[in-house]
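In what follows, a single structure is set out as structure tokens and then discussed.
We name chains A, B, ... by the order of the sequence lines, and we start the count at 1 in each one.
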Amino acid sequence: MSLDGALTRRPRGAWLRLPRVWRSPLAVVGAAIAVAWLVVAVSAPAWVPYPPDAQQLPRLSPPGEGTLLGTDALGRDVFSRLMTGASTTIPLALGLVVASAVIGVVVGAVAGWFGGWVDEALMRLTDLVMAFPTVILAMVVAASLGPSLYNAVIAAVVVSWPQYARVTRSLVLGLRTLNYVVAGRLLGRSPVTSLVVDVAPNVVGPVVVLATLDVGAAVLLLSGLSFLGLGAQPPTAEWGSMISGALANFDAWWIGTFPGLAILTVVMAFNFLGDALRDAVDPTSRTERTAVGVASAPQSVELPVEEDRP
Amino acid sequence: MASDDPAPTAAAETAPVLVVDGLVVRYPGPPPVVAVDGVSLRIGAGEVVALVGESGCGKSSLARAVMGVERRASGTVEVDGAPVAPLGLRRRPLAQTGVQMVFQDPSTSLNPRRSLGAQIDDGAAVARARGSATAEPAVWLERVGLDPAWTSRHPHQLSGGQKQRVAIARALAAAPRLLVADEPISALDASTQTAVAALMRSLTTAVGAALLFISHDLSVVRRIADSTLVMHAGRIVESGPTELLWDDPQHPYTRSLLGAVPVPDGAGRIPAAPTEAERATWGDPAVPERA
């Protein structure tokens, strides 16, 4: 029976629909660039032509004259520093996204699940953090902790978790009164078990999308703090501080341009990837884009996309 | 099955399974609504009691309050002599997992991310933990008329009626003493409604459980319920054995409900809705304003 064959196909849960992601060319480009940078981040120290801190080359030599991307004011190889910078920034950006997602999801889930004064207290705290401009608040935190790359990450976590809390809370609020959640409670599940078994799996998809989109923002925030001198300290090779150093030698365009391009490509790659993931997890946003079934209003949680951080 | 005594009415004469006394459910305003206004009822083991009434009369509030899902303003609910605690932040004690519910909307009754077998086994697990007789998920699927091989399927692969059968299987797998079904057939098509209702009756009476069956479909109620409660504006206005109620309704609201049942006699008669004047004579404290 042919119908039976159709029924026994694999469930089309969000994750199993993932292959549709690859139908979008931007997703493929984004994934390729992101994977390339991840490979670089992991392997760069092993194969860069010069140590990132070695001041052994002619100073301020342009690209192509002995080195691939030129040298900076201290005679360090820009290419080597660029590649090493990837292994500084990208793992920290990923770690910072994971940390803020975990904090935000826990706060949002507790607020949405328990409601009442717990919800009020946690959400007002969230509002408080959200009320400050992200970079300004991160600067305050980083400056008060003392400038270092790890303090910059802590500062970035402090300002990044509220968006996850918001999204998670709204999802949990909608889920907790669903019949199957109540049925689970009637079968003797504790609130925590119910949250983990019945509610959490439906929150994971949107949060992963949000986190993917947020990697770009995290890279921007970290390099922005480093650019301002609140993150990576010399002589650490980091993209933001490389651009900051380039300001002193404005004529040597290659010192700042290549780290800038590196930041641009990483941020764009993760944004493309996140967009494609969102379309895969949330079919309504895709139908809107292709202008089919526009009549139906979007019913999903709109994920905030912040692409305009410095 | 533990008992092969199929005489439900005789069993009902002994100790009732469900005892509800003076149950009140209020919703905060403005204006505050008294959805359930001092309802008392008793259901014996193996007995099927139907609760009928128009939408908004408090049927669902009563069901949810009995389960402890809805806050009770006052009144007591006891199953087998033990009070049913409100479902708050605490885990429901194992002893009370014999109180189960089937919901109106089958589309949200099952967790979309877990297999049917796993979800039915949730019910079977509490029955085993209580030491009650239950069966494997595949057996339960078969009992509710589905293919036992479907344990690894997921809810989106089923139709609404099939999902409702799985939800019933999960509730029954927990070996309930009391099963409350809140309009379990209203989301199903006409041909499935009677089958699912009859299925619920046969499976609950077989294990000697009490069944509170909420419906606005009187023709189905007539076929499965031992006795019927008629609810209007938060109160039970009439109760009695189903056949008696059908043949000789006492309360005017019951008569109007029965008068609204469509009869497929080919005469093209359209069911009559009660008029405002009729409603006024029922002593209805909360006649809804005309839309």
Are more than 12 heavy atoms, taken from residues, nucleotides or ligands other than B:Arg130, located less than 6.0 Å from that residue's CZ atom?
yes
More than 12 heavy atoms of other groups within 6.0 Å of B:Glu78 CD:
yes
Surrounding CZ of B:Arg90 (heavy atoms of other residues, nucleotides or ligands, distance under 6.0 Å), is the total greater than 12?
no
Non-hydrogen contacts under 4.5 angstrom with chain B: give the residues of residues 112-121 of chain A involved, or none if there are none.
A:Phe114
Where does B:Leu94 contact chain A at under 4.5 Å (heavy atoms): side chain, backbone, both or neither?
neither
With heavy-atom distances below 4.5 Å as the criterion, would you say the side chains of B:Pro155 and A:Tyr180 are in contact?
no
Which residues in residues 188-198 of chain A have a heavy atom less than 4.5 Å from any heavy atom of chain B?
A:Gly188, A:Arg189, A:Ser190, A:Pro191, A:Thr193, A:Val197, A:Asp198
Pairwise side-chain contact, A:Leu186 with B:Leu87, heavy-atom cut-off 4.5 Å (strictly under)
yes
Side chain / backbone / both / neither for B:Arg114 at chain A, heavy atoms under 4.5 Å:
side chain
For the CG atom of A:Leu187 and the CZ atom of B:Arg170, what is their distance to the nearest 0.5 Å?
6.5 Å
What residues of residues 175-184 of chain B make heavy-atom contacts with chain A at a cutoff under 4.5 angstrom?
none
Heavy-atom count check: over 12 atoms from other residues, nucleotides or ligands less than 6.0 Å from A:Phe132 CZ?
no
Could you list which of residues 172-179 of chain A have a heavy atom closer than 4.5 Å to any heavy atom of chain B, in residue-number order?
A:Leu178, A:Asn179
